Amino acid sequence: MALGRSLSCALACLIALPGAGEAQPAGTPPAAATVSATGQSQAIFPTPRHVEAAKGHLDLTAGIRIVAQPGDAAAGRIAGIFGQWTAGRFQPAGGAGAALHLQRAKGMAPETYQLDIGPAGARVTASDDRGLFYGLVSFWQLATASDGRSIAAQRIDDGPALGWRGAMLDSARHFQSPRYVRSFIDWMAAHKLNRLHWHLVDDQGWRIEIKAFPKLTGIGAARRPARAPGAPPLPDYRGFYTQAELRDIVAYAADRGIEIVPEIDVPGHALSAIRAYPEWGMGVPVPPGTEADWGVFPWLYNSDAATLAALETILAEVIDIFPGRTIHIGGDEAVKNQWRASAATQARIAALGLKDENALQGWMMSRLARFLEAHGRTAIGWDEILEGDVPQSVAVMSWRGIDGAIEAARKGHDAVLSPSPDLYLDHIQAQHPGDPPGRGGIISLASVLAFEPRPAELSPAERTHILGVQANIWTEHIRTEERTSFMAFPRLSALAEVAWTGHGSKDYPAFLRRLMPQLDRLRPLGLEPSSSAWTPAIAIEPAGARARVALSVQGGLPVQYSVDGGPPLPYNAPFTVDVPAEVAAWALLDGRKLGVGTTRRLTADGLQRRDSRELETCQRKVDLVLEDDFPATGRRAAFLIDILEPCWIYRGATFDRVTDIELGVGQLPFNFQVGKDRDAIHFRTPKTPAGEFEVRLDDCDGPVIATLPLAPAVSNPGVTRLTAPVAPTTGRHDLCLTYTATGPDPLWAIETVDLLQREPR
């Protein structure tokens, strides 16, 4: 960035603005938000603490000069960022247009700012860099609202309620390019988020260059993706960040007010490291291809002195790359079976005078935490670390609900709320057929917005240990960068609102009024967010010779629809239409169309077609929306499936005149580390060598009304259409669809179900 010009203006350039006042004293608690009735104040995101209207407007037609105080290099860098974000409309120092001055003031609380806007210019006042940055973000939001030609005069006093406002990005399972990570940081910064928890290592990949141990990336950063039997091999998956790339990203984030918290997971999630350096493990062989599995692996680091020394060497390089205060050391999902079976490990537990394997994990985590503390850093770990005796200085990230944060706070640990499933953004947002894969169980935009970040179970004193909140983007099933954006936003926008204001909200329409302009201004910065939250679902079923149509949308928004391009009609209840027909539907916000809506073509043959995601799984043990492993490039089918009990329910099938059933089925590798749960996966005995799908009436113990042999699908790596006649049936029934097999690999999954009416034979 060309920043020299941004430092050219002296203090004499500062202008007097109406409404200027005293800076907020340090430590002043955030007040409740009070906003004047100015339309433009709706543009500020997240909701500001206080906005006070003034007289007049600031003219933007000639542009804006951002002016930093002499010698304030950080403010100059901040000014340069907004020159980039606005394609030159905000320019450091010289040029025409009004001036926006960046000014320091002692005594203001961290991250707070005052933004004063008058007809003659504007001023951001803050004590620290983040406060200056957030004030400039708010000015940018106002300047990009409406027609962008002027801003109403006003004064904004603002600051966050919570200090940790985070997102976790998993780059270990699926790698994102440095370019994408920088874009992700921009999107976070525009939401005033301040922590990027970067999950850089896991069983499936080691993504951070460690010069002392080059095989970590030479071996541990690559894997051969799993595939179903008979499917063509996929190309190797690999990628890692060099230390030079990491330093560049760290500096990029720091200029935008974001501290990167790297994670090196110990003692579990260690397979990528153990593949590279087997001496760090427990000596248990790793079957080829295991690194392509998902789930909870049993391979752990051992507790030998040499291994702990190696981990400290790794952490020393991590410390050198990442200057932030906090380093994440994992601690989650460490299955202790290999430790229990190891005589050497049991001897070490005895020699150390420890109670059990959990205590050994606590001892290891404590040693690494003390190493970090000796180097001026603070360790944070997942809530399992509370099962061992870790120092009180170690912070806790509560992911198994919020109980870990409550326990941590009561024990005097600082804690971050990051609970599953509430803030796990790998969960799908809706069951729309076109949405990308993910973990089953919908986590909606409205539910994230309603999340309460301050547990009521804690006393006021205990609550001071709650540092903040974080949403996690695990990428086992998020294969591409585009899908990462889709899954993260706008739910991460809702998390930003919660973290900044310090409370959840059920005023969904008010949030959407702020959200929509926020998303619009981020599209030029490369963000393509999901619109699933306001895209209506269109459900159909036969109604005699016609179709019955039901519409639904999240958050209780009003919906309109049209039939065959006709006039818009308000949706109040299911309606019937003649077929063929085309139904379009869209949600409304303040009487205006929200997003592009959705359209569905209705035909006589398709009235009883169900996409996989319009079915239900029978037991909902581990629901996933999985993507086919074929082809290597191009569109792949997606399947809703319970991997521990592959079984589906089709609700409310109408059987009058139905003669046949057609299934679109695909096969998936069972690449899941689920421990003993795999032994509990049972199937009915096949009647044919390849097995068959069975369709049962009313429930899963009901009579079989159709059988579809799988033999034609065995040699097809893609989706196969299987058709079979249906036993004569009348009326309305649920269907249970299962398949017979000798084991779970491969998994057979359903893409579509069609109930058909054939002409008489």
Side-chain angles (χ1 to χ4, degrees), residues 168 197 199 201-203 261 263-271 281-282 295-304 307-308 311 315 326-342 344-373 378-421 423-424 455 457-458 462 465-467 470 472 474 673-677:
M168 189 224 67
H197 171 188
H199 192 74
V201 303
D202 214 301
D203 296 298
V261 180
E263 181 179 357
I264 305 297
D265 217 334
V266 178
H269 291 287
L271 187 66
M282 297 300 300
V296 181
F297 290 45
W299 285 271
L300 303 183
Y301 289 108
N302 63 50
S303 58
D304 295 350
T307 300
L308 289 168
L311 290 169
L315 288 176
T326 308
I327 306 290
H328 205 299
I329 55 175
D332 63 313
E333 297 180 325
V335 178
K336 309 295 195 305
N337 293 348
Q338 292 181 6
W339 280 3
R340 293 188 185 97
S342 166
T345 301
Q346 293 303 311
R348 188 161 184 78
I349 290 172
L352 292 169
L354 300 174
K355 178 183 177 182
D356 55 17
E357 293 79 18
N358 286 338
L360 178 62
Q361 175 173 333
W363 176 84
M364 289 179 67
M365 305 299 279
S366 296
R367 171 167 167 167
L368 297 177
R370 286 192 294 270
F371 175 85
L372 291 173
E373 191 170 346
T378 299
I380 188 170
W382 300 108
D383 56 48
E384 286 96 329
I385 64 173
L386 291 169
E387 297 168 4
D389 187 17
V390 295
Q392 199 174 73
S393 61
V394 178
V396 173
M397 189 165 281
S398 183
W399 75 275
R400 296 178 297 178
I402 66 171
D403 290 346
I406 293 170
E407 179 184 355
R410 288 174 174 166
K411 290 182 176 180
H413 295 269
D414 288 339
V416 175
L417 291 172
S418 187
S420 170
L423 300 181
Y424 268 46
E457 297 89 336
L458 295 177
E462 293 167 338
H465 286 291
I466 302 299
L467 301 178
Q470 176 176 294
N472 296 335
W474 300 103
Q673 294 283 329
V674 294
K676 293 182 178 179
D677 286 340

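What you see is a predicted model, and the numbers here were worked out from it, not measured in a lab.
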Mind checking the CG-OG1 spacing from N302 to T307? Nearest 0.5 Å is all I need. 3.5 Å
So do the side chains of E357 and R340 get within less than 4.5 Å of each other, counting heavy atoms only? yes
Take Q470 and M168, measure what side chain to side chain contact (heavy atoms under 4.5 Å, CB included) needs, and give me the verdict at the end. CA-CA 7 Å; Q470 176 176 294; M168 189 224 67; 3.5 Å; yes
Atom CG of D383 and atom CZ of R400: how far apart are they, to the nearest 0.5 Å? 4.0 Å
If we only count heavy atoms from C-beta on, is the L311 to R367 side-chain gap below 4.5 Å? no
Is there a donor-acceptor pair under 3.5 Å between the side chain of N472 and the backbone N or O of W474? no
Donor-acceptor pair, D414 side chain versus A395 backbone, under 3.5 Å? no
Would you say the side chain of H413 lies within less than 4.5 Å of the side chain of V390, judging by non-hydrogen atoms? yes
Inspect the contact between E384 and K336 and indicate whether a charged nitrogen and a carboxylate oxygen are less than 4.0 angstrom apart. no
Working to the nearest 0.5 Å, report the span between CG of D332 and NE2 of H269. 4.0 Å
Evaluate side chain to side chain contact (heavy atoms under 4.5 Å, CB included) for E387 paired with M365, printing each intermediate quantity in order. CA-CA 11 Å; E387 297 168 4; M365 305 299 279; over 6 Å; no
Mind checking whether W299 and Q673 have side chains closer than 4.5 Å, heavy atoms only? yes
Give me the atom names and distance for the closest heavy-atom approach of S303 to M364. CB-SD, 4.1 Å
Compare every heavy atom of V396 with every heavy atom of G404, then report the nearest pair and how far apart it is. O-CG1, 4.2 Å
Tightest non-hydrogen contact, residues V394 and G381, listed as CG1-N, 4.5 Å
Looking at M397 and S418, what are the two nearest heavy atoms and their distance? CG-CB, 3.9 Å
Nearest 0.5 Å, what's the CD1-CD1 distance between I385 and I329? 6.5 Å
Correct closest heavy-atom pair for L386 and K411 would be O-NZ, 4.0 Å
With rounding to the nearest 0.5 angstrom, report the CG to CZ distance, L271 to F297. 6.0 Å
Do you know the tightest heavy-atom contact between P267 and G331? CD-CA, 4.4 Å
Centroid-to-centroid, W382 to H199, below 6.0 Å? no
Test V201 against E263 for side chain to side chain contact (heavy atoms under 4.5 Å, CB included), laying out the working first. CA-CA 7 Å; V201 303; E263 181 179 357; 5.8 Å; no
Report yes if the side chains of I264 and I327 come closer than 4.5 Å at any heavy-atom pair, otherwise no. no
For D389, side-chain contact (heavy atoms from CB on, under 4.5 Å) partners two or more places apart: none
With rounding to the nearest 0.5 angstrom, report the CG to CH2 distance, L417 to W399. 15.0 Å
Counting only N and O atoms by type, is there a donor-acceptor contact under 3.5 Å from the side chain of S366 to the main-chain atoms of A369? no
